[in-house]
Amino acid sequence: MYSIHIGTGTCGVAAGAEHVVAAFREQVGTLGLAGTMVAETGCNGMCYAEVLVEVKHAGARHLYGRVTPDRVERILTEHVQRGQPVREWLVLENGQGAEANFLARQRHIVLRNCGDIDPMSIDDYLGHQGYQALDRVLTTMTPDQVIELTLASGLRGRGGAGFSTGTKWQLARQSAGSIKYVICNADEGDPGAFMDRSVLEGDPHSVLEGLLICGYAIGACHGYVYCRAEYPRALVRLRRAIEQARERGYLGDDILGRGFCFDVTVKEGAGAFVCGEETALMQSIEGRRGMPRLRPPYPAVAGLWGKPTNINNVETFANVPWIVLNGAAAFAAMGTEKSRGSKVFALAGKVKRSGLVEVPTGITIDEIVHDVCGGIVGNRAFKAVQIGGPSGGCLPASLGHTRIDYEELAQTGAIMGSGGMVVMDDTTCMVEMARFFLEFTQNESCGKCTSCRLGTLRMLEILQRIVEGKGEAGDLERLQELGEQIGATALCGLGQTAPNPVLTTLRYFRDEYEVHVRDKRCPAHSCSLLVNYVINAAACTGCTLCIKDCPSGAISGEKKQVHTIDPVKCIKCGKCITSCNPGAIEKV
Amino acid sequence: MAETPTIQLTVDGRSLTAPAGLTLLDVARRNGIEIPTLCHDPRLPPYGSCLLCCVEVAGARKLLLACATEARDGMVVQSRNQRVVQARKQILDLLLSNHFADCRGPCHNACPAHVDVQGYLALAHQGKYRQALELIRETNPLPSVCGRVCVRYCEQQCRRQQVDSAVASNLIKRYVADLESGNLPRPVVPPRNGQRVAVVGGGPGGLTAAYYLARRGYDVQIFDAHPKLGGTLRYGIPDYRLPQKVLDLEIQYILDHGVSAQCGVRLGQDFTLADLKQQGFAATFLALGAMRAKPLGVEGERADGVIGGIDYLSAVKQQGAPEFKGSVLTVGGGNTAIDAARTALRCGAGRSTILYRRTRDEMPADRAEIDDALAEGVRIEFLVAPLNVVVESGRVKALRCQRMRLGDPDQSGRRRPVPIAGSEQEYSCNTIIAAIGQDVVLDGAVGSTLGDLAVSRWGTLEVDSRTFATNVPGVFAAGDVVTGPAAAIDAIGSGRLAALSIDTFLQTGRLLGQPEFASKRTDLGEIPHEYFEQFEKGVRAEATKLAPEESVRGWSEMDHGLAAEQIKPEAGRCLSCGCSAVFNCELKKWAEQYQVEQKRLAGKVKKYKTDLRHPLISFDPNKCILCGRCVRLCGELLKVGALGFVHRGVETMVRPSMERPLQETTCIACGNCIETCPTGAISAALPFAKPGPWRLQPHDSICGYCGVGCNIVFNKKDADIFTVTAGPRGRESSNGGTLGDLCVRGRFGHRFNADARRILEPRQRAGGGHVATTVEQAVESAVAGLRGVVDRHGAGALAVLVSPKATNEEIELCQRLAREALGTDNVASLSLLARRWDAEGLEASLGLTASTLPLEQVERAQVIVVVNADVTEENPVLGFHIKRAVRRGAELFCISANETTITAFATSRLDARRGTSSALLSAVATEVLRRNGVDTGYLHDRTECFDALVCALPYDPAASAQVAGVDRHKIEALAQALCDRDRRVVFVYDDDAVQDRSPGDLQAIANLLLMTGRLGRPGQGLVLARHHSNGQGLIDLGAFPGAVGRGQALAGCRSLPELRRAIADGSIKGLLVVGEDMAADSRYAKLVAQAEHLVVVDMFETPTAAAATVVLPGSAYAESSGSVTSMDRQVQAFEPAFSPPAGLTGFDVLARLYACAAGQPVPTVDQVRAGIGRRLPRYAPIASIRPGAPFRWSESEQPGDVLFAQRFATASGRARFRAIAVEEKTYPRQKISFSTLDALFVDQQRRLFPQPMA
């Protein structure tokens, strides 16, 4: 019997997966393939190749990429009816094929079920060892043993700071009080980061299971999942999973007859980035203004509603059932001395294969960029990578040998963060890049503390004038000074790390800043106000296409004659470059 | 109690020991280490928004916040190393980069002497000219002079120009100075500090320095080369601009401060700097001026008839006016040129012409002076420069000149004159006056034996710009000799600053000059034009002047200044740009200390409109630094929650909840937000059109409203210019500092002191009305009238009624007057007559009726039972305590027929029907009994007659519950809470409530507290809430029939009900009423009208006063010495903050009445206190009481916090249970106000001032 699994995570849907699903359902009926199952699943990480469709049959697995509704009929007729896979559309055939490199270096623990199972089906999850870890914990382990296991695995918080998960649980367990809470932070707000979303969309039960195990370990009876409202699909699947878990007795009173009571509430965030910060998140759940508060007291002592609270993110929890089932040693066997296991990264930017990758820690940046992701689009030069989201740091290609390890990354000025990774080529202006990320964090400042509220604003203003060619002597020193002081004084992680993109680019790409300030020039030809468009006379064929496309009438020239651009009229929109076939228009 | 462990840590290299559990900030403060903070309020948990308290802790990567970091053993802390200082400076730079606000108006910033222009205009606007002058004189000792000759930088910068034209502040200064200078009291020469300072040069700079040095106790001697003091003011300014007598008057006032002067002695000629040192002058101030005319620098200028401008003006002053004939040419464009040209006309010149090488726009002379000169006939030739003097027989014949045109701007920004070739021209003349500038003369100063004074390349003395110190130690210099020729106000400004610097140098041996920090809106951006559009356009007041044709004929003053009626409207044009918090802004303080540069990190700045919608509280978001203190105080500490944050990031603002006007929120207008605000963002709206600000002097006092007895501070300038802030009581107290709140009445309700309706003089009835009389006459008439009543009807027909807001001393005088002098026992207060006090007191049960524990302990209670008390309304500060106790986890039970603000906080509200609370309390007692909640050991040791109670208790609590209409479970829950012996229980009962009470309430509460063993134990017991500030003192001192001298043969009623009846049925014929308005109560209005003799002592024209035979003025606490007893038995003394407008206090009046009636000498406050102490052993400490050192009386003779700790005040020393008769009865809803103050003002306060009073 054939089963067809279509990736309908947000990335799939964006590529048209819902139409593909409809086409399969329709065609299966039309073609009378009654025994063929059409199911939805999450994303296996190959977002660049969506819509992904996997055809499973008798242990064989064929993964089609970039499927459109008009390809559905042929897949069904050739592959399902005749047993002849459409090889030209395959990305993977039983793990082999053109894109096999993408998976070769990966190690899927968190993503173990993503793209494989139907997230709306608890049975599918149960069929993949689902809730076996919970069962084992409740039947054979004491809470202290669970904590010991977590400690032994070396699991560290995947939300960014990398605090030891076992230690955190231990602190919460040791806190006095009969009422405790456990919170799953699914308020993934970094631009370009979508690990948590993908896990919730692809495998929500594994997160719930992790949450339950944590609740058991610390002695909590109630959990919250704080998920951003901008993840509607994840919320639907999560809520469905909770309902199913309740129906099957994995949530509620006396779970699995072991006397353990636990239930979960889903709380939707209203879109404030700062609410991903643990203390602000708890304020938000309590119905207060989402603003970080001073620590101590730490949440483990006084968290939600003033009670001891443990908070971890989606990815951390998703690791937990695997560790229980496979043992701490198996987890600890991966990675470096201090950073164990695997880490999911969201790859974006100029890499050929963008999407989600889960790699063992200890792998180098170069390996991720070149081996896993296939290098840079257009084979241009790999220039830099922004690691850790907007509060992470920007590392130059020369540091590509840096290993994915909390401590090693921190030494470079970057952070592991939640796992955003934006790869840049030589057309990216580092000043503009820093400005972009700072603009994001500045917009998202909650306004409580002076350094973040006003300091990041002033930094942004300076960057703004630098990219506009209005930089002044002393600006770089001011940026450095402001950045360092904000890092040293701001109240919460958002503020403390906000200057990181600026500080790291100042450290690794200072010359680029200096050229902007001193010469009013952008070496990457990216800052629109600092770029001039000229026509290379040798290459221009006089086709007049650019003249037609120019919205400001800045280009003139007769047919078959070399055209010219009037720099006064030019508004630097760049349309001409796209329209010029021979590539005669250059930025200088 | 276990001893708190101590820790050791190192701060800035100092090893400190501290108890564990404190924050670094606490430890630092305890050890005198100053760590700045803006968002920390010790009453609130740490917040961490300003970040200013950051410190470096060894081992921590980040800087840590001292307000939130617990000090731990072995910590190594740097509280002010370079990293920390840098971080703090940056934080302040950031805060101020978005602080679109002015500390001071631009006038103040522009004035070199920093005269508080806004302040004196505001005083002048109120007609307080003397105070205005005193304020000006704080920084400028020559106001009459400046009022005439000042260049008015203030007016040049006046922001009113963007509405219409500058405020004529200088003319107002001249007006108040001319009017009041002659009336200033002769100065008291301050005690000399033994150090001598020499001032060389008696011009404006030298005189100013001498003045401020003398005021600081220095022995100052001025040396001047001229025959008289005054320098340029005397010898450089013609009389028609500055009459000599004006200058003389102000110089004399300076000399009157003990300054001596030696004129006609020249430095270098008659003495040297070394001589001065030798003569024992510890410092020398050089203010030599710049009084040598600059030569024209052209050929022929040594000829006869060529004279320097300043030389000419000086000669006119010293030798009289020379006779001029023909044409006089004056070269120059400054004020000296104008003065010389106008003086020349007065010396007889046929024609006086000024030659100036640029155009009128570039002329440095004052605009008005140029206009006056032209009006008098002076001609001005522009764009002309001299080439050479044409000389004939050694005498001037003409001036050959060249025409100029304007070229490119030069360094001064003015366009440079460029010669036009071939445009030479001769101006024939008889005299040429060279007024192109003056030079400094340093002969005698430079090269002296003290070493070489450094000289700049412009030939002026070089000094440090902040300290005015020259390179020679002990020698300072300022004024023209440093800057070159400048305005008088420049010399005055630097003269004062130099004096301060000299003082610092002589006192500390160090040179320090810390410039004042001033935030300036214009440094950050443009002021939106909408701001200016809110002001109505007006016309600037102009001075009256002599007609030019008249003025030019003589030397009399041309400009006559403003007329009286012009002052108020002109001062009213001031926009009050400066900040109301300028004198106590914490942001400004730290900005000064960390040398903030407001523009360093300037960028986008937020601009907001000021919210003036609330009548008492103004809110300027521009000044808000988002420290959140107001929001947290209002929400977390006061549990009012009227303020909150809106928006995010840099757009974040503090706004009233739901962004409504503050008065439409839950705001109770307590104004505690104003006090916690570290900047001027939230401020009290003073009821003046021009509210200063002024530097206010604190004066500790006691609030006169309710019985909480809050300590308050009058921050005052004048009888009506003051604000009220919370007093020191408990502000930073060791128990967490939870006191120090005020309510709306305490903060805003004291303005009645300055009300126009005060009774200012004694009056007595004559014919159909009142006539004014003397105090002596009024007192005699009053006493004679009362005696007459005694003669006619006996002493029992007299009554003395005294307000529960009177002081203990006044109440004592009243009761002595009644009992000793008049022989009647009829003494009481309307507030006592209004309630059935005789039935409800605890004398028979406990021996005393009083609160048994201090109010601040209410916060520590675990169970609070509020019975029939609308505390948040009547005693808001007690309400704050209760709310905070709830926040700490206390259970609150409210027994109340009405919903009040406090019932919203209740764990359980027992909504007993009106008049049934004692039935309900009996049901609770029965329930306690049933649950075996009785403390038998306590019963045995300390009480008696428990059986009497048990017999009377209803054995079926359900029946009682039914009477009260309260759910039985609620009764059980309360009983259960009382049964828990480990919990601290406090009952709060409103002893002044008229509605919502039933007879026997108080006894029922006492029974409950006794049976559960809670009276006499620390931290629990009974609080009797009282509406009036001295309600407890009234009872303690026995202001009710039968209280004193039981068994003594006194005429009168035996009890309060009897007295009530006697008053109502008219058997009382003569009355002394002190501070109460009987006529306001319909039951007594008849007596007011029919009394044979009614003596009223009151502050205000009440209907009772209107009906009186004799009226005498009373006074407020703020105007008298006295003491009051708060509801928790704390006796607190105070001294007057203001003088009573009638010239004598209520105490004075009563003392005279007593003396006259008793045939005794007039007693003093101390004598009355001594009398109280002798009569009442509990009150013995009152004999030596002083402000700030209160005592809390106890059942024994020793003061104590807990009443009945040892024994009860009954004869047996045991508390006696008393059964109460439970009845169901309803009571009137209407509250009755007994106090004049309340009647007149409290209600008005509750409505909030509808109109500013000024």
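Below, read A as the first sequence line, B as the second, and so on, with proteins coming before strands; counting in each chain starts at 1. Because the structure is a prediction, the values reported are computed rather than measured.
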Return the option, out of A/Glu481, A/Glu484, A/Arg293, with the maximum number of heavy-atom pairs under 4.5 Å with chain B.
A/Glu481

Can you tell me if [X] and [Y] form a side-chain donor-acceptor pair at under 3.5 Å?
X        : Y        : answer
A/Arg435 : A/Gln464 : yes
B/Asp620 : B/Asn622 : yes
B/Asp93  : B/Gln598 : no
A/Glu286 : A/Ser284 : no
A/Gln485 : B/Gln86  : no

Which atoms of [X] are under 4.5 Å from chain B, going by heavy atoms: the side chain, the backbone, both sets, or neither?
X        : value
A/Arg478 : side chain
A/Ile462 : neither
A/Glu444 : backbone

Can you establish whether the number of heavy atoms outside [X] located under 6.0 Å from its atom [atom1] is more than 12?
X        : atom1 : result
A/Phe436 : CZ    : no
B/Arg61  : CZ    : no
B/Lys599 : NZ    : no
B/Glu659 : CD    : yes
A/Arg288 : CZ    : no

Side chain / backbone / both / neither for [X] at chain A, heavy atoms under 4.5 Å:
X        : value
B/Ala602 : backbone
B/Thr69  : neither
B/Val646 : backbone

Check B/Cys50, B/Pro678, B/Ser49, B/Cys673 against B/Arg629 for a side chain to side chain contact (heavy atoms under 4.5 Å, CB included) and give me the one that passes.
B/Pro678

Among the listed options [options], the residue most often paired with chain A at heavy-atom distances under 4.5 Å:
options                             : result
B/Ser97, B/Ala68, B/Pro46, B/Cys54  : B/Ser97
B/Leu38, B/Ile91, B/Leu95           : B/Leu95
B/Leu52, B/Leu63, B/Thr652, B/Leu94 : B/Leu94
B/Arg83, B/Gln90, B/Glu70           : B/Gln90

Do B/Leu643 and B/Thr665 come within less than 4.5 Å of each other through their side chains, counting heavy atoms only?
no

How about B/Tyr608 and B/Phe100: are their ring centroids closer than 6.0 Å?
no

Identify the residues of residues 405-415 of chain A whose heavy atoms come closer than 4.5 Å to a heavy atom of chain B, ordered by number, or report 'none'.
none

If the contact rule is any heavy atom under 4.5 Å from chain B, which residues of residues 449-460 of chain A qualify, in numerical order?
A/Cys449, A/Thr450, A/Ser451, A/Arg453, A/Leu454, A/Gly455, A/Leu457, A/Arg458

Kindly confirm or rule out a cation-pi arrangement of A/Arg295 over A/Tyr298, judged by NZ or CZ under 6.0 Å from the six-membered ring centre and within 45° of its axis?
no

Centre of B/Phe645's six-membered ring, under 6.0 Å away, within 45 degrees of the axis: is that where NZ or CZ of B/Arg655 sits?
no

